[in-house]
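Step one of this worksheet: look at the structure below.
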Amino acid sequence: MQHSRTKVIVFVTVAAGGAFLYYRFNPVGAGFFPKCPFYCLTGLYCPGCGSQRALHALLHGAVGQAAGYNLLAVMVLPVLAYTGLAPLATWLRGRPQGQSLLYRPWFTWSVLAATLIFWLLRNLPVPFFHWLAP
Amino acid sequence: MEPNAQPSVSSPPTGRPKNWLVESILVTIFCCLPFGIAGIVFAAQVNSKFDAGDHQGALKASANAGKWTKIGFFVGIAWIIIGAIIYGVELSSLIHR
C-alpha cells in the first residue's frame, strides 16, 4: 500500500501547512490569500465566500464569528467529522459503506438544497439575510 | 467498486458507486466555484439512481460528479497560483520602486 501511504503523507502535510497558515495569518488583513474568482467576475457572493476568514476564526475557536463569515462552512463541519469517523464505525461494526448517511438520497438532496438556498439568500439585499453574507 | 471492474447487465454492481459528496462540498466552499455545485447535483443523482435500481445511471452520475469535482479543484488550484504570481509581482514592484 505504498501509493495510499504517499497519499496520506501528502494530505497530512498539506493540511498541517494550511492550518498553520490560516491560524497564523488573518485573511482580513493579509493580502496574499486568494480572492474568490466568482466574486471577482460577478460581484456576487458564492456559497464559499468568507470561508477563509471563517477558517481563521475556527482555528482560533471563534465558532460564532466563523458562522458570521460563512454559515455553510460551519454547518459542514459535523458532516466532515462524520466522514472521518464513518470508516472507523464501518470497521467496528462490519457494516458496508453503502448504508452511510452520505449515501442516502434525502441527505444529498438536502445538502444541494441548503447550498442553493444559502447562495441565494446571502446575495439578497434584505437586512434580515445580511448576516448570511461574509 | 473497483475502477477497472466491468459493469455488466448480467451481474449488477453490488456496491454503490462513489458519490463524491464530501469532495464536492469542499470544492464548493474552498474553491468558490459553481463546479462544486455541479458535483453535488451529480452526487445526489448517484444515490437516487442507485436506489431506483438504475445502476448504470448511478455509475454515470458518479463519473460526472468526479469530473466536476476535479475540474473545480484544479481550477481552484490554478486560481491560487495565478493569485500568488500577481501578489509576487506587486510585492517586487513595491520593493524595486
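Just so we're clear, the structure is a prediction, and the values are computed from it rather than from any experiment. To find a chain, count down the sequence lines: A is the first, B the second, and so on, and within it residues start at 1.
In this structure, chain B has a heavy atom under 4.5 Å from the side chain of A:Leu116, while its backbone stays farther away. Of the two parts of B:Val41, the backbone and the side chain both hold a non-hydrogen atom closer than 4.5 Å to a non-hydrogen atom of chain A. At a 4.5 Å heavy-atom cutoff, B:Ile86 makes no contact with chain A through either its backbone or its side chain. Contact of A:Trp119 with chain B is made through the side chain alone, with heavy-atom distances under 4.5 Å. Within the 4.5 angstrom heavy-atom criterion, only side-chain atoms of A:Phe107, from C-beta onward, approach chain B. With a threshold of 4.5 angstrom between heavy atoms, B:Leu21 approaches chain A through side-chain atoms but not through N, CA, C or O. Contacts of B:Gln45 with chain A are made by both backbone and side-chain atoms, with heavy-atom separations under 4.5 Å.
Of the inter-residue distances, the one linking B:Leu26 atom CG with A:Ser51 atom OG reads 10.0 Å to the nearest 0.5 angstrom. Summarising the geometry, atom CG belonging to B:Leu94 is positioned 7.5 Å from atom CD belonging to B:Glu90; distances are rounded to the nearest 0.5 Å.
In this structure, A:His60 and A:Tyr23 have parallel ring planes: the angle between them is below the 30° cut-off, well short of the 60° mark.
Both tests pass for B:Lys18 against the ring of B:Trp20: distance under 6.0 Å to the centre and angle within 45° of the axis.
Ranked by non-hydrogen atom pairs under 4.5 Å with chain A, the options B:Asn47, B:Leu91, B:Asp51, B:Ile37 are led by B:Asn47.
No single ILVMFWY cluster, assembled from side-chain heavy atoms under 4.5 Å apart, contains both B:Trp68 and B:Trp79.
Remark: side-chain polar atoms of A:Asn70 are paired, donor with acceptor, to backbone N or O of A:Cys49 under 3.5 angstrom.
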